[in-house]
Amino acid sequence: MTRGDFGPSSNFIRDIIEEDLRTGRYGGRVHTRFPPEPNGYLHIGHAKSICLNFGLAADYGGQCNLRFDDTNPTKEEVEYVESIKEDVRWLGFDWGDREFYASDYFEQLYQYAVQLIKAGKAYVCDLSADEIREYRGTLTEPGKESPYRDRSIEENLDLFERMRAGEFEEGSRVLRAKIDMASPNVVMRDPVMYRIIRATHHRTGDKWCIYPMYDFAHCLSDSIEGITHSICTLEFENNRALYDWFLDRLGVYHPQQIEFARLNLSHTVLSKRKLRRLVEEGYVDGWDDPRMPTIAGIRRRGYTPEAIRDFCERIGVAKANSIVDIALLEHCLRDDLNKRAPRVMAVLRPLRLVIDNYPEGQVEWFDAVNNPEDPGMGTRKLPFSRVLYVEREDFREDPPRKWFRLAPGREVRLKHAYLVTCMRVVKDERTGEVVELHCTYDPATRGGEAPDGRKVRGALHWVSAAHALDAEVRLYDRLFVKADPEDVPEGQDFTVNLNPNSLEVLTGCKVEPSLAEARPGDRYQFLRLGYFCVDPDSADGRLVFNRTVGLRDTWAKIERSLEKKGG
RNA sequence: UGGGGCGUGGCCAAGUGGUAAGGCAGCGGACUUUGAAUCCGCGAUCGCAGGUUCGAAUCCUGCCGCCCCAGCCA
């Protein structure tokens with residue numbers, strides 16, 4: 001049985017949850033968490049995790065916590081927790097009053113550490129970072145035990161207390177779990193639990209100078225919050241042994257960690273390090289540059305939360321590393337916007353078109369549907385007059401085969417208005433550039449329908465010159481030209497694959513007057529061109545639009561294949 | 001060469017012994033006052049090789065390939 005349109009498709013995590021529900025493993029509860037470290041901006045990859053965790057909780061009648069994994073004060077800042085909250089909220093998820101921080105548990109975590117020391121399962125180690133690395137051994141050779149491994153419980157307790165009290169220098173000592181220096185799993189070779197860091201924490205200030213490591217803090221934070229399914233990415237598979245070890249030694253409530261493959265998207269990069277480089281080296285204008293795969297970036301670009309959620313649903317959840325084609329993301333976007341974006345007419349590269357037989361000074365107002373997909377969105381008035389602007393690309397002096405737009409002698413439909421025929425082309429004498437088209441209109445075709453039933457295939461968008469508003473339009477395209485930005489010649493890096501045309505700024509664009517009402521964030525379909533949204537750079541009397549994504553362009557494909565065949 | 005994972009059409013991904021869902025992309029065609037949308041049609045024997053079985057993508061064995069792990073990062 002396929003699930004098709006009837007809901008999310010099955011995946012191995014749902015299987016596990018359903019099995020747990022059936023056996024009553026967690027008393028029928030499902031409780032997940034999204035645990036970002038507040039050290040950067042969220043991107044589309046995080047959206048997959050957010051949708052997964054919040055979605056699973058919602059689907060099984062459970063809850064999902066938002067928990068900041070803030071155990072490293074040298075990298076984390078409040079600025080990031082604010083942006084993360086904003087992004088999760090924007091995506092459409094609500095964590096209620098369950099906004100937690102690993103730092104909320106520092107005292108409890110400390111007590112758990114003491115408990116492990118008392119059980120002889122943890123010790124204070126004075127080896128330097130370099131020495132610990134040497135003692136750890138390699139992937140194929142076992143490590144060596146630290147000379148401090150067998151300190152007495154009393155001494156460990158005393159030392160650990162003094163670590164907390166600030167008696168020792170940063171880096172001079174750590175607390176380690178006493179596990180097995182010969183374990184084939186390197187993670188288990190007496191991992192560090194606590195280190196001394198003299199930095200001000202964004203929430204606890206200077207209260208602490210020792211901070212727990214991820215492996216120790218994460219499993220216990222999950223335990224404390226009563227998480228049932230702790231979902232993380234594949235690279236933590238090795239860490240699961242340690243996750244389980246801490247919880248088992250302590251004998252506390254034990255959630256289960258489940259790993260899935262993180263999202264990789266074609267034509268972009270999703271690692272914090274690379275995204276940071278794009279920003280810091282000026283390849284883009286910031287974390288919210290509309291070309292960035294950050295939530296802030298795609299939000300500004302004009303993506304909708306619905307489209308992103310749909311995308312996350314469609315890509316599925318599995319354990320195989322994969323690269324999702326960005327075309328799927330774009331499809332989800334168009335699919336959503338097609339249903340909700342009002343249509344308007346905008347001419348990006350204006351070409352004057354004069355209707356010689358149309359009365360000078362006359363203006364007609366036509367009704368235009370706002371969205372043929374949704375009659376409920378109503379209609380608007382569109383002014384028509386003698387001098388119009390049409391898209392420069394819609395005219396060809398010497399048209400190729402299958403062309404049914406404007407050309408000398410050709411008749412086309414001006415959408416919602418009249419049928420016009422191109423009679424004369426005016427060119428700049430010096431450059432030969434076409435500067436103006438002279439047409440005649442057929443008064444009998446008011447509204448765009450020919451009473452004699454003659455077929456006119458081309459339907460063009462246009463705007464009345466006297467009524468048009470000026471606008472700036474930023475045409476965004478994929479950030480990288482290659483599906484895999486890392487596919488580079490020997491010795492070069494991903495920046496060589498940056499798309500030099502990922503941004504083209506057009507000024508002097510002409511848009512229909514109804515757009516005077518447009519406000520930042522508003523989304524439209526510019527008829528025949530694509531989906532655009534109003535950029536926050538807009539101000540009164542200064543309209544700036546971002547192209548979110550273009551419409552599918554069948555003509556471009558035809559022309560390409562024509563070129564291939566025709567030469 | 002240690003350990004942990006993964007390998008189903010171009011890209012994702014269902015499938016858990018009974019004879020390969022679905023989506024995206026692509027290619028045809030219909031319809032069309034957006035060359036949009038919509039609608040119809042077209043593609044895989046499941047990394048490879050053996051084996052078990054009446055029957056295997058699903059079980060076993062052996063290969064091959066890819067990913068992760070040697071931070072006092074998460």
Side-chain angles (χ1 to χ4, degrees), chain A residues 1-5 9-11 15 35-37 39 69 71-72 74-75 125 127-129 132-134 136-143 170-176 183-189 191-197 210-211 213-215 217-218 232-241 259 261 266 272 313-332 334-335 338-339 343 345 368-369 372-373 402-405 413-417 419 447-449 456-461 483 525-530 550-558:
Chain A
M1 160 104 194
T2 61
R3 322 213 19 166
D5 295 332
S9 73
S10 73
N11 64 53
D15 290 345
E37 179 186 15
N39 72 340
D69 223 327
T71 57
N72 187 345
T74 64
K75 298 190 171 181
C125 180
L127 252 25
S128 69
I132 285 182
R133 189 180 320 118
E134 285 164 25
R136 188 151 33 223
T138 69
L139 295 179
T140 53
E141 299 161 317
E170 180 162 317
S172 63
R173 284 180 227 261
V174 294
L175 181 71
R176 293 227 252 170
S183 172
N185 181 354
V186 185
V187 168
M188 301 298 274
R189 320 240 261 229
V192 172
M193 293 166 59
Y194 270 90
R195 73 287 213 197
I196 298 169
I197 298 177
I210 58 172
Y211 291 89
M213 296 286 288
Y214 166 85
D215 289 299
H218 203 91
C232 62
T233 47
L234 251 30
E235 63 269 29
F236 291 101
E237 276 178 320
N238 295 317
N239 301 250
R240 189 176 62 237
E259 313 84 13
S266 74
K272 270 179 191 166
E313 192 59 62
R314 295 202 205 201
I315 56 178
V317 181
K319 297 194 71 164
N321 286 312
S322 62
I323 302 172
V324 176
D325 193 332
I326 199 168
L328 177 58
L329 214 210
E330 294 171 344
H331 171 268
C332 292
R334 292 191 185 102
D335 195 40
N338 176 49
K339 288 176 281 190
R343 275 58 170 169
M345 296 219 267
V369 281
E373 303 289 323
K402 297 184 180 176
W403 175 266
F404 42 82
R405 276 123 92 148
R413 172 171 20 253
L414 294 178
K415 179 107 176 159
H416 301 307
L419 260 33
E449 204 76 67
V456 177
R457 301 212 49 192
L460 271 44
H461 59 279
Q525 182 195 98
F526 284 3
L527 224 61
R528 302 209 306 133
L529 296 173
L551 253 28
R552 283 191 63 196
D553 191 350
T554 302
W555 167 248
K557 280 179 196 165
I558 293 172

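Computed from a predicted structure; not experimentally measured. FYI, side chains are in, hydrogens and waters are out, and symmetry mates aren't considered; it's all heavy atoms of this structure. A note on names: the letters A, B, ... follow the listed sequences, proteins ahead of strands, and every chain is numbered from 1.
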Stepwise side chain to side chain contact (heavy atoms under 4.5 Å, CB included) test for R176(A) and I132(A) = CA-CA 11 Å; R176(A) 293 227 252 170; I132(A) 285 182; 4.1 Å; yes
For side chain to side chain contact (heavy atoms under 4.5 Å, CB included), just list the numbers for V187(A) and R240(A), CA-CA rounded to whole Å, side-chain angles, deciding distance to a tenth of an Å, and then say yes or no. CA-CA 9 Å; V187(A) 168; R240(A) 189 176 62 237; over 6 Å; no
Output field dot_bracket for RNA chain B (Watson-Crick or G-U, both distances under 3.5 Å, | for other-strand pairs) contains .(((((((.[[[..)..(...]]].(((((.......)))))....[[[[[..)....]]]]])))))).....
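Side-chain N/O atoms of N185(A) and base N/O atoms of rG4(B) include no donor-acceptor pair closer than 3.5 Å.
Rounded to a whole angstrom, the distance from the P atom of rC69(B) to that of rA36(B) is 46 Å. Rounded to a whole angstrom, the distance from the C1' atom of rU52(B) to that of rG10(B) is 35 Å. Distance check on atom C1': rU58(B) versus rA14(B) gives 13 Å, rounded to whole Å. Look at the C1' atom in both rG15(B) and rA44(B): the space between them is 14 Å, to the nearest Å. To the nearest whole angstrom, the two P atoms, one in rA57(B) and one in rU16(B), are 12 Å apart. rG7(B) and rG71(B) have their P atoms separated by 29 Å, given to the nearest Å. A distance of about 38 Å separates the C1' atoms of rG62(B) and rA74(B), rounded to the whole Å. Atom name P, nucleotides rC40(B) and rA25(B): the rounded distance is 16 Å, in whole Å.
Between the side chain of R343(A) and the backbone N or O of A368(A) there is no donor-acceptor pair closer than 3.5 Å.
A residue-by-residue look at N11(A) and R413(A) shows that N11(A) has its nearest nucleotide of RNA chain B further toward the 5' end. Of the residues near RNA chain B, L329(A) and V186(A), the one whose nearest nucleotide (by heavy atom distance) lies more toward the 5' end is L329(A).
Counting heavy atoms from C-beta outward, Q525(A) and L551(A) have side chains that approach closer than 4.5 Å. Using a 4.5 Å heavy-atom threshold, the side chains of H461(A) and L529(A) count as touching. Residues P191(A) and M213(A) have side chains not in contact (no heavy-atom distance under 4.5 Å, counting atoms from C-beta outward). Using a 4.5 Å cut-off on side-chain heavy atoms (C-beta onward), N72(A) and R195(A) make contact. Taking 4.5 Å as the limit, every side-chain heavy atom of F236(A) sits out of range of all side-chain heavy atoms of H218(A).
Distances shown here put a side-chain N or O of K557(A) below 4.0 Å from the OP1 or OP2 atom of rG26(B). Within the 4.0 Å cut-off from OP1 or OP2 of rA13(B), at least one side-chain nitrogen or oxygen of S322(A) is found.
Minimum heavy-atom separation, S266(A) to I323(A): N-CG2, 3.7 Å.
Interatomic distance, D69(A) CG to E37(A) CD, rounded to the nearest 0.5 Å: 7.0 Å. Atom-to-atom distance recorded for L460(A):CG and K415(A):NZ is 11.0 Å, nearest 0.5 angstrom.
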Check nucleotides 64-66 of chain B against the protein and report each pair of N or O atoms closer than 3.5 Å, with its distance, or say if there are none.
none

What pairs of nitrogen or oxygen atoms, one from the protein and one from nucleotides 34-38 of chain B, lie under 3.5 Å apart?
{"residue": "rU34(B)", "atom": "O2", "partner": "Q525(A)", "partner atom": "OE1", "Å": "2.8"}
{"residue": "rU34(B)", "atom": "O2", "partner": "R528(A)", "partner atom": "N", "Å": "3.0"}
{"residue": "rU34(B)", "atom": "N3", "partner": "Q525(A)", "partner atom": "OE1", "Å": "2.6"}
{"residue": "rU34(B)", "atom": "O4", "partner": "R343(A)", "partner atom": "NE", "Å": "2.5"}
{"residue": "rU34(B)", "atom": "O4", "partner": "R343(A)", "partner atom": "NH2", "Å": "2.7"}
{"residue": "rG35(B)", "atom": "OP1", "partner": "R528(A)", "partner atom": "NH1", "Å": "3.4"}
{"residue": "rG35(B)", "atom": "O2'", "partner": "T554(A)", "partner atom": "OG1", "Å": "3.4"}
{"residue": "rG35(B)", "atom": "N7", "partner": "R405(A)", "partner atom": "NH1", "Å": "2.5"}
{"residue": "rG35(B)", "atom": "O6", "partner": "F404(A)", "partner atom": "N", "Å": "3.1"}
{"residue": "rG35(B)", "atom": "N1", "partner": "K402(A)", "partner atom": "O", "Å": "2.8"}
{"residue": "rG35(B)", "atom": "N2", "partner": "K402(A)", "partner atom": "O", "Å": "3.4"}
{"residue": "rA36(B)", "atom": "OP1", "partner": "T554(A)", "partner atom": "OG1", "Å": "2.3"}
{"residue": "rA37(B)", "atom": "O2'", "partner": "N338(A)", "partner atom": "ND2", "Å": "3.0"}
{"residue": "rA37(B)", "atom": "O2'", "partner": "E373(A)", "partner atom": "OE1", "Å": "3.4"}
{"residue": "rA37(B)", "atom": "O2'", "partner": "E373(A)", "partner atom": "OE2", "Å": "3.1"}

All N/O contacts under 3.5 Å from nucleotides 72-74 of chain B to the protein, with atom names and distances to one decimal?
{"residue": "rC72(B)", "atom": "OP1", "partner": "R136(A)", "partner atom": "NH2", "Å": "3.2"}
{"residue": "rC72(B)", "atom": "OP2", "partner": "R136(A)", "partner atom": "NH1", "Å": "3.0"}
{"residue": "rC72(B)", "atom": "N3", "partner": "G171(A)", "partner atom": "O", "Å": "3.2"}
{"residue": "rC72(B)", "atom": "N4", "partner": "L127(A)", "partner atom": "O", "Å": "2.9"}
{"residue": "rC72(B)", "atom": "N4", "partner": "A129(A)", "partner atom": "N", "Å": "3.0"}
{"residue": "rC72(B)", "atom": "N4", "partner": "G171(A)", "partner atom": "O", "Å": "3.0"}
{"residue": "rC73(B)", "atom": "OP2", "partner": "R195(A)", "partner atom": "NE", "Å": "3.1"}
{"residue": "rC73(B)", "atom": "OP2", "partner": "R195(A)", "partner atom": "NH2", "Å": "3.0"}
{"residue": "rC73(B)", "atom": "O3'", "partner": "R195(A)", "partner atom": "NH2", "Å": "3.2"}
{"residue": "rA74(B)", "atom": "OP1", "partner": "T71(A)", "partner atom": "OG1", "Å": "2.6"}
{"residue": "rA74(B)", "atom": "OP1", "partner": "R195(A)", "partner atom": "NH2", "Å": "2.9"}
{"residue": "rA74(B)", "atom": "OP2", "partner": "Y214(A)", "partner atom": "N", "Å": "3.0"}
{"residue": "rA74(B)", "atom": "O3'", "partner": "D69(A)", "partner atom": "OD2", "Å": "3.4"}

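At the heavy-atom level, E449(A) lies under 4.0 Å from base atoms of the strands shown. Contact annotation for H461(A): no contact, since no heavy-atom pair falls under 4.0 Å across all strands. Counting non-hydrogen atoms under 4.0 angstrom, V317(A) reaches the backbone sugars and phosphates but no base.
Scored by the side chain to side chain contact (heavy atoms under 4.5 Å, CB included) test, A556(A) finds D553(A), R560(A) as partners (sequence neighbours excluded).
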Counting primed atoms, P, OP1 and OP2 as sugar-phosphate and everything else as base, the B/S/- map of nucleotides 40-46 of chain B against protein heavy atoms under 4.0 Å is -------
